[in-house]
Structure formats: structure tokens, C-alpha cells
Amino acid sequence: MRLSLPTRISLPKALVFASLFFCIQQFEHTNLAFSLLYFAFLILTVIAFNFAEGFTRLTGAYIFW
């Protein structure tokens with residue numbers, strides 16, 4: 001059995017997830033600055049993973065883990 005690892009993460013789906021997570025954090029009264037920085041961290045991580053060509057390269061695996 002061969003395990004299929006992703007080479008890309010869909011940016012629109014990541015934006016939806018990060019936005020939902022941001023809203024949940026604000027509902028729980030998390031500091032606004034922390035929520036914004038975490039949102040930026042998630043989006044920049046997805047962009048870096050996609051730029052590094054995902055799990056097909058060692059750099060992409062390092063960014064993911």
C-alpha cells in the first residue's frame with residue numbers, strides 16, 4: 001500500500017479554515033493581536049508549503065512538520 005502525500009494545499013480552503021479559526025478565537029475573547037498574527041502564520045505557512053512543492057521536496061516536508 002502506497003501512502004499519497006499532498007504536494008499542494010488549496011489556498012482558498014486554507015483561507016476559509018483560518019477565517020473560521022479567527023472567528024472562533026474572537027468568540028472565545030482571545031486577544032485581537034494574537035488572533036491576527038496566528039491567522040497570518042497559517043496563511044504564510046500554506047504559501048511556503050506550496051512554494052516548496054509540498055512533500056515532494058525535503059524543504060516542503062520540513063515546513064509542514
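Below, each value reflects all heavy atoms present in this structure, side chains not excepted, and no hydrogens, waters or symmetry copies. Position 1 is the first residue of the sequence, and the numbers go up from there. Just so it is clear, the model here is predicted, and its values are computed rather than measured.
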Peer 1: When rounded to the nearest 0.5 angstrom, what distance separates CG in Leu36 from CG in Asn31?
Peer 2: 9.0 Å

Peer 1: What's the separation between atom OG in Ser19 and atom CG in Leu42, rounded to the nearest 0.5 Å?
Peer 2: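 Reported to 0.5 Å precision, the distance equals 10.0 Å.
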
Peer 1: Show me the side-chain donor-acceptor pairs of residues 47-55 shorter than 3.5 Å, one per line, residues at least two apart or across chains.
Peer 2:
residue	atom	partner	partner atom	Å
Asn50	OD1	Ile9	N	2.7
Asn50	ND2	Ile9	O	2.8
Glu53	OE1	Arg57	NE	3.3
Glu53	OE1	Arg57	NH2	3.3

Peer 1: Of all residues at least two apart in sequence or in a different chain, which pass the side-chain contact (heavy atoms from CB on, under 4.5 Å) check with Thr45?
Peer 2: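 Thr45: side-chain contact (heavy atoms from CB on, under 4.5 Å) contacts with Phe41, Ile63.
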
Peer 1: Under the rule for side-chain contact (heavy atoms from CB on, under 4.5 Å), what residues qualify as partners of Phe21, not counting sequence neighbours?
Peer 2: Phe17, Gln25, Tyr38

Peer 1: Identify the heavy atoms of Ala18 and Ile43 that sit nearest to each other, and give their distance.
Peer 2: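 Distance-wise, the nearest heavy atoms are CB-CD1, 3.9 Å.
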
Peer 1: Working to the nearest 0.5 angstrom, can you tell me the gap between Leu20 CG and Leu15 CG?
Peer 2: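 That separation rounds to 12.5 Å.
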
